[in-house]
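Just so it is clear, the values below take in all heavy atoms, side chains as well, and ignore hydrogens, waters and symmetry mates.
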Amino acid sequence: MIRKYIFGEPFETEAVVEKIQEEKGLPSHGEVSLEKGFTITCHMEENDIVYGLGEANRGINKRGYCYVSYCTDDPYHTEDKRSFYGAHNFIVVSGSNPFGLFIDYPSKVTFDVGYSDQDVLTISCERADLYLYVIEGESAYDVVRQFRRIIGRSYIPPKFAFGFGQSRWGYRTETDFRTVADGYRKNRIPLDMIYMDIDYMQDYKDFTVNKDNFPDFPSFVKEMKDRGIRLIPIIDAGVKIEEGYSVYEEGVERGYFCKDEKDSEYVAEVWPGDTHFPDVLNKEARKWFGDHYRYLIRQGIEGFWNDMNEPTMFHCDPKEEYKNFYHCVDGKKIRHDRVHNLYGYNMTRAAGEAFERIEPGKRFLMFSRSSYVGMHRYGGIWTGDNHSWWSHLLLNLKMLPSLNMCGFLYVGADLGGFGGDTTRDLLLRWLALGVFTPLMRNHAALGTRQQEAYQFGDTEDFRGIIETRYRLLPYLYRVYVKAALEDDMYFKPLAFAYPEDGFAKEVEDQLMLGDEIMIAPVYLQNAGGRYVYLPERMMFVKFWKDGQHSEQILEKGHHYVEVALHEVPLFIREGKQIPLVPAAQCVEEIDETEEELIGSW
């Protein structure tokens, strides 16, 4: 049961695509106050679990902390942080009468989930102009499925996007990219993508390529693709102010950039220096910006990642600056801070809509840093500029089902950590989790230790883990497509699969993947294994190097399992099977006719 309530004059975010009749009066779940903006207060029972909020801090159960939904560029994801890159305002209270709330409001929303009062959920925002959706269901899982249905089908990437990708801020020239390709191919470590960070551009200008470093870019793109490797360039939100730069001149001429209070183009400082922000909330401007992706697509590019689209700006307090520029939406001037959470969503929407015009029916790889519910229909996300910290490996694991609840299925983190210097064991353990995440990308920052998989001496352990991804890849892709088509989850908390199991409700470091398997990565430094809880009898499988694996039947209950650094563990449910294929150097070389089934004992 879904009920829709309208307060004030909401901005149309287009997060919800299903038509739902407005309810009159106030919702029965919680008390609504309109005295200072909007507040809804709900009582929680002692054992209620609270799910949702997508890209948010801490655990799968959100109870006990305060979260602020306001897209924020902050790479230091410590436990005290309340805002990350995404804004996903869907929350589920799981108890005797499960219900969910979606606050469709494009600016700052605060979720006090038992933080001020352990038994009270309080959701508040500055203005009472919003859509409130109240969803009742038989279980938390049922509530999530209903929500997923009304927000529309999740993005489905091309199959190559499930291959392994290598990225680093600092790859500048054809030689740099060839060196990476050679390093992987020489060591027989599978690789499908190399990402191009900001240095491939001419002076950090969107939709340009540095001619000195890439004198014949289409030929270079083809050269890499002939080796089974696709180049995936970054696109930033800011457009450089420079006479003679066509994107800048077109945007000014047509009035497609955000404006300041005096109706002049707003100026911010980002990587290129002084920049303008395309007004992607304006339909005409969104189409114009999206059409520029054609420049790189015509040169053979089949995927992109959108960045800096909170939007980020340097040398200022962005939260203050967000009050200083405006969008033009259907002829109305709207201050940015009032629709702030929609910017990254609409930048990626611009690309997704353009792909259909440029090459109808073709799937492109697309993911973004900043997002709002609704963007999940156009692309995935990566979880931003994390660090080479063991705590971020665990945070990555716990964030996955919450993102799925909000529609984001194509997700992943910077494996090994973006900032700081990774270690061999941290990267191996993180890759072993990345085997199962739809986006599997190793990404590092300029000035950090080289962390390509061939940089740590003996490469056999790295090759074995990444080959495991390719052995499982056809199965993982099928699970993903099924979840997208059926408005389901790829990753689920154990409690969703075992709702009557008290232990399962407390487990946050193990996840169900599809209907067949459970994953339980090792995430502690120097650990030779880990404790797991099995809600039912399962087959414990460990994948080794050279295509080998072990199988062991474990009974329901608590176990300590040994997992060496070179091993990838998973658990298969009784009566279920999963297919394996021989490893390959890239997705296009996978032979799915040679499937081997394991499980179903």
*Do the non-hydrogen side-chain atoms of Ile123 and Ile91 ever get within less than 4.5 Å of each other?*
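Yes. Closest side-chain heavy atoms under 4.5 Å.
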*For the residue pair Arg82 and Thr110, establish whether any side-chain heavy-atom pair is separated by less than 4.5 Å.*
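Result no, sub-4.5 Å side-chain heavy-atom pair not found.
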_Give me the atom names and distance for the closest heavy-atom approach of Gly419 to Ala445._
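In terms of heavy atoms, the two residues are closest at CA-CB, 4.5 Å.
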Kindly check if the number of other-residue, nucleotide or ligand heavy atoms within 6.0 Å of [atom1] ([X]) is above 12?
| X | atom1 | result |
| --- | --- | --- |
| Lys333 | NZ | yes |
| Gln202 | CD | yes |
| Lys211 | NZ | yes |

Expected list for residues 14-21: side-chain donor-acceptor pairs under 3.5 angstrom, two or more places apart:
residue: Glu14; atom: OE1; partner: Arg349; partner atom: NH2; Å: 3.2
residue: Glu14; atom: OE2; partner: Arg349; partner atom: NH1; Å: 3.3
residue: Glu18; atom: OE1; partner: Arg149; partner atom: NE; Å: 3.3
residue: Glu18; atom: OE2; partner: Arg149; partner atom: NH2; Å: 3.4

*For Phe164, is the NZ or CZ atom of Arg469 found under 6.0 angstrom from the centre of its six-membered ring and inside 45 degrees of the ring axis?*
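Here Arg469 fails the 6.0 Å and 45° test against Phe164.
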*Charged N to carboxylate O below 4.0 Å: is that the case for Lys362 and Glu302?*
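So Lys362 pairs with Glu302 through a salt bridge.
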*Run the salt-bridge test on Asp279 and Lys259 with the 4.0 Å N-O cut-off and return the result as yes or no.*
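Salt bridge flag = no for Lys259 with Asp279.
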*Assert yes or no for the condition that the ring centre distance of Tyr378 to Tyr155 is strictly below 6.0 Å.*
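Ring centres of Tyr155 and Tyr378 not closer than 6.0 Å.
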*Does the gap between the ring centers of Phe162 and Tyr480 come in under 6.0 Å?*
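Yes: the rings meet the under 6.0 Å criterion.
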[Y] and [X] aromatic ring geometry - parallel, tilted or perpendicular at 30°/60° bounds:
| X | Y | result |
| --- | --- | --- |
| Phe418 | His443 | tilted |
| Phe90 | Phe147 | parallel |
| Tyr200 | Phe217 | parallel |

*What do the steps show when you test Phe289 against Phe277 for ring-ring contact (aromatic ring centres under 6.0 Å, His included), and what is the final call?*
CA-CA 10 Å; Phe289 189 76; Phe277 291 133; over 10 Å; no
*Classify the side-chain pair Tyr266/Glu321 by whether it contains a donor and acceptor separated by less than 3.5 Å.*
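Yes, because at least one side-chain N or O of Tyr266 sits under 3.5 Å from a partner of the opposite role on Glu321.
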*Go through the steps for Tyr171 and Phe177 under the test ring-ring contact (aromatic ring centres under 6.0 Å, His included), then give the verdict.*
CA-CA 7 Å; Tyr171 298 157; Phe177 288 91; 5.5 Å; yes
